[in-house]
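Here the structure is laid out as structure tokens; the discussion comes afterwards.
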Amino acid sequence: MNNYSRLKKCAKFYKVSSGSYYRWKKQAITARQQLKITIKEQITLIYFAAKQRYGSPGITLELQHLGYKISRPESLLEQAKQLQLQNI
């Protein structure tokens with residue numbers, strides 16, 4: 001079975017057109033999505049560089065020193081949960 005026939009089966013199963021799939025696949029990452037990805041990477045780097053001792057207030061301060069606009073430590077908690085970091 002080739003890729004096109006697999007795509008057709010999946011599209012039929014999910015009740016979407018194959019054209020919708022190709023439009024979705026072609027879409028670019030927005031600047032906001034890229035910023036979120038970069039911040040998550042920075043959170044992980046800071047967390048492990050601090051030997052897993054920094055909580056959200058410390059990581060927030062580090063991100064602010066790096067030039068990121070983080071308004072409050074609570075906003076990092078959701079991202080830390082997504083990254084499955086402990087003790088933040």
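Predicted model only: the values in this text are computed from it and were never measured.
Nearest heavy-atom pair across Ser17 and Ala11 is C-CB, 4.3 Å. Summarising the geometry of Ile46 relative to Glu62, their closest heavy-atom pair is CD1-CB, 3.6 Å, with the distance given to 0.1 Å. When every heavy atom of Ala28 is checked against every heavy atom of Gln33, the shortest pair comes out as O-OE1, 4.3 Å. Closest heavy-atom contact between Gln42 and Leu66: OE1-CD1, 3.5 Å.
Ile37 belongs to no multi-residue hydrophobic cluster, having no ILVMFWY side-chain contact under 4.5 Å with any other such residue. Cluster partners of Leu61: none. The rule joins Ile, Leu, Val, Met, Phe, Trp and Tyr whenever side-chain heavy atoms lie under 4.5 Å apart, and it links nothing here.
Two different hydrophobic clusters hold Val16 and Trp24 under the rule that ILVMFWY side chains link at heavy-atom gaps under 4.5 Å. Placement of Leu83 and Leu45 in two distinct hydrophobic clusters is found when ILVMFWY residues are connected by side-chain heavy-atom separations under 4.5 Å, directly or transitively.
Remark: Ile59 CD1 to Thr44 OG1 distance equals 8.5 Å, nearest 0.5 Å. Separation of atoms NZ (Lys69) and CD1 (Ile39) is listed at 11.5 Å; rounding is to 0.5 Å. Expressed to the nearest 0.5 Å, how far OG1 of Thr60 lies from NE2 of His65 amounts to 10.5 Å.
Crowding of Lys8 atom NZ: a count of heavy atoms from other residues, nucleotides or ligands under 6.0 Å not exceeding 12.
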